There are 2 protein chains.
Amino acid sequence: MADGPTINTIAERAGVSIASVSRVLNGLPTRQDTVRKVMAAADELGYVRNAVARSLKSRRTHQVAFAMADVGNPAYLAMLREIQPVLKAAGYRLVLHSTDAVVADEIDVLHSLGERYVDGLIMSPLRVTEAHLEMLAAARAPVVIIGSVPEGTRVDNVRADSRTGVKLAIDHLHELGRRRIGMINGPLDTVPGAARGAAYREALGDLGLPYDEDLVQIGDFYRAEGARAVGELLARVPDVDALMCANDLIALGALDVLRAAGRRVPDDVAVVGMDDTDLAAASWPSLTSVSLGSAERGKAAAELLLDRLQGGDREPRVVTVPPRLVIRASTRQEEGSPA
Amino acid sequence: MADGPTINTIAERAGVSIASVSRVLNGLPTRQDTVRKVMAAADELGYVRNAVARSLKSRRTHQVAFAMADVGNPAYLAMLREIQPVLKAAGYRLVLHSTDAVVADEIDVLHSLGERYVDGLIMSPLRVTEAHLEMLAAARAPVVIIGSVPEGTRVDNVRADSRTGVKLAIDHLHELGRRRIGMINGPLDTVPGAARGAAYREALGDLGLPYDEDLVQIGDFYRAEGARAVGELLARVPDVDALMCANDLIALGALDVLRAAGRRVPDDVAVVGMDDTDLAAASWPSLTSVSLGSAERGKAAAELLLDRLQGGDREPRVVTVPPRLVIRASTRQEEGSPA
DNA sequence: TTGTAGGCGTTATCAG
DNA sequence: CTGATAACGCCTACAA
């Protein structure tokens with residue numbers, strides 16, 4: 001692993017100046033003879049450009065960071081899957097951060113933008129605090145936020161419409177004749193938790209259904225927590241006939257508990273998840289889920305960022321990705337699990 | 001987004017030399033008074049070290065690359081989940097590559113090591129060609145391979161033991177009384193495909209069961225492909241009573257087809273997957289699966305690389321992670337799906 | 001303790 | 001068309 005060759009090494013070997021070497025390597029007009037000599041020397045030495053030196057000079061790293069809340073969450077992974085190829089095609093590398101939804105870590109990432117190791121950042125925060133907004137305003141490189149930010153924040157951002165999403169699901173359940181529709185939510189101090197909770201209430205109102213606190217149970221966005229929450233809800237409201245779950249993991253937990261309790265899905269209780277992750281299609285009964293367009297949001301964010309990196313100083317843009325209800329067996333009577 | 005301050009800016013402001021600024025910033029012995037002045041200036045200016053300049057000088061980027069075959073495959077994502085925190089804890093950033101199992105892309109990644117934008121690389125190739133080995137031998141930075149490499153290759157590497165893994169599964173099926181055990185495999189020119197196919201044959205031999213070509217069907221490592229393969233196998237060998245699938249996605253495809261065909265799992269046909277991904281636990285019936293320790297392998301690889309980055313030139317090490325059979329409903333008679 | 005100066009590998013300017 | 005030479009921002013002898 002000897003020290004690699006530099007343009008100096010090549011220059012010596014080819015008997016030309018480093019300036020000529022650089023020119024050849026960058027395809028600038030040069031005499032054919034020189035080109036040949038330089039190329040030959042470079043080949044023999046197995047020369048590869050030093051990206052760091054190049055970045056220092058050019059002030060571009062051709063790297064972009066993606067800070068996700070949780071490497072383990074399939075919804076973020078869906079974003080990652082879309083972001084990766086878009087960046088790759090544009091010649092950017094992807095630096096991955098997992099902040100575990102810890103505010104301090106997110107702030108850290110924002111702060112580290114000043115180190116200039118990336119040209120831009122895509123971030124998907126679970127909560128958006130004052131500190132976030134301050135750092136965003138002072139950011140030293142373009143940032144795209146996946147998620148909602150307060151009105152007036154001057155940042156490119158891509159948002160889901162979980163309000164409409166929840167409404168789609170509740171309407172669907174209503175059409176199936178369900179009237180005792182429970183909601184299993186995550187923490188209300190998260191952006192999605194708050195939005196989905198409010199949307200549930202609103203959707204019921206639109207249908208003329210009463211809002212019953214007993215039908216709402218707060219847990220966390222994980223399977224085990226979801227299962228626990230559903231257990232409590234079932235004990236309290238045995239006649240619940242549908243469950244709106246704030247994400248797919250919670251919904252899987254719901255399926256576990258319902259199965260154990262001998263309730264048929266969807267015959268006795270219909271279940272809807274959210275995010276339409278791979279797990280929704282894998283489960284049995286397969287899970288009806290509201291797609292919030294994780295993939296599309298990832299893609300849009302990447303494109304927005306690339307635009308900004310190439311383009312320049314236009315106004316911040318907001319892209320909203322519409323939700324879509326993906327109906328599967330957990331609400332489709334004819335094909336549900338027979339148990 | 002004005003140009004950020006540098007040590008020069010600070011030096012001017014504090015009325016000292018850039019050398020002093022650098023010293024203070026790096027905690028080298030300095031007069032208290034100077035320290036105060038520098039810190040004050042740095043604070044006011046909102047100074048952040050330029051990582052690129054620093055790397056150029058220090059020849060370390062504090063970045064490590066992970067090249068996975070496929071961002072969409074849960075087995076690699078499991079590795080990613082373990083690798084990320086290990087690197088983060090050690091102060092390294094993670095640069096993510098997805099090669100889509102294309103050899104040229106993998107070679108590209110290996111080649112780009114010469115650009116020195118990372119201090120090391122973890123790579124998980126699906127196939128290992130001559131070109132890989134050449135590049136590995138010439139690599140300009142430490143590399144850890146997740147997967148098997150030919151005997152004698154001088155590279156740190158972490159391998160699974162799919163041979164034993166398959167044996168565990170076949171033995172399990174045998175104990176359950178299954179005798180017509182089919183195998184649904186991926187392409188035989190991939191490392192895992194070849195290994196698992198051979199292991200299947202060997203495991204049958206150990207049990208004194210005949211190897212029947214009709215019981216083997218090759219497809220690809222995806223759900224739809226797996227389903228197709230299982231369909232063909234079922235048509236050819238209707239009395240098959242167990243399926244050993246080369247990964248979980250294939251196994252999910254198998255469940256789809258068996259369900260559609262009205263075969264009960266596991267009563268009529270037991271199904272075993274491989275990799276023990278999240279999907280295995282999510283499906284219904286939940287999927288018995290051979291864990292090849294994706295998580296452990298990822299962790300081990302990260303640790304091996306960090307060791308090498310800090311340590312130095314010891315002999316290449318090989319870590320083998322033992323497989324583990326995770327028994328779930330798809331082979332556990334009492335709890336299978338009733339259909 | 002501090003400042004000056006050189007160098008990390010490239011790119012780019014400006015004379016020749 | 002080519003070759004010195006000066007940056008890019010930081011670190012670190014070496015000298016004061």
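Predicted, not measured: the structure shown is a model, and the values here were computed from it. Just so we're on the same page: letters track the sequence lines, and every chain starts at 1.
- Of all nucleotides in DNA chain D, those with any atom nearer than 4.0 Å to a heavy atom of chain B start and finish, going 5' to 3', at D/dG9 to D/dA13.
- The nearest pair of heavy atoms linking A/L87 to A/L306 is CD2-CD2, 4.1 Å.
- Remark: side-chain polar atoms of B/R49 are paired, donor with acceptor, to backbone N or O of B/L25 under 3.5 angstrom.
- Not counting sequence neighbours, A/H132 has no partner by the ring pair (Phe, Tyr, Trp, His ring centres under 6.0 Å) test.
- Between the side chain of A/T9 and the main chain of A/T6, a donor-acceptor pair closer than 3.5 Å is present.
- Not a single donor-acceptor pair under 3.5 Å links the side chain of A/R297 to the backbone N or O of A/V321.
- Rounded to whole Å, atom P of C/dT1 lies 15 Å from atom CZ of B/R36.
- Surrounding CD of B/E44 are more than 12 heavy atoms belonging to other residues, nucleotides or ligands, all under 6.0 Å away.
- Between A/S22 and C/dT11 there is a side-chain N or O to OP1 or OP2 distance below 4.0 Å.
- From B/L110, atom CG reaches atom CG of B/D105 across 12.0 Å, with rounding to the nearest 0.5 Å.
- A distance of 7.5 Å separates CD of B/E106 from CG of B/L126, quoted to the nearest 0.5 Å.
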Atom pairs under 3.5 Å: protein N/O with N/O of nucleotides 14-16 of chain C:
none

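- A pairwise comparison of heavy atoms in A/I145 and A/V149 identifies CG2-CG1, 3.8 Å as the closest pair.
- Interatomic distance, CG of B/L94 versus NZ of B/K88, reported as 11.0 Å (0.5 Å rounding).
- At a threshold of 4.0 angstrom between heavy atoms, the contacts of A/T34 are confined to the sugar-phosphate backbone, with no base atom among them.
- Counting heavy atoms of neighbouring residues, nucleotides and ligands inside a 6.0 Å radius, atom NZ of B/K37 exceeds 12 of them.
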Polar atoms only, N or O, under 3.5 Å: list the protein pairs with nucleotides 5-9 of chain C and their distances.
residue, atom, partner, partner atom, Å
C/dG7, N2, B/K57, NZ, 3.4
C/dC8, O3', B/R59, NH2, 3.4
C/dG9, OP1, B/R59, NH2, 2.9

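- Screening residues 79-99 of chain B for ring-ring contact (aromatic ring centres under 6.0 Å, His included), with sequence neighbours left out, gives B/H62-B/Y92.
- A heavy-atom distance below 4.0 Å to DNA chain D is reached by these residues of residues 24-31 of chain B, ordered by number: B/N26.
- Screening B/D307, B/D156, B/N157 for a side chain to side chain donor-acceptor pair (under 3.5 Å) involving B/R317 leaves a single residue, B/D307.
- Residue A/V52 is out of contact with every strand shown, counting any heavy-atom pair closer than 4.0 Å.
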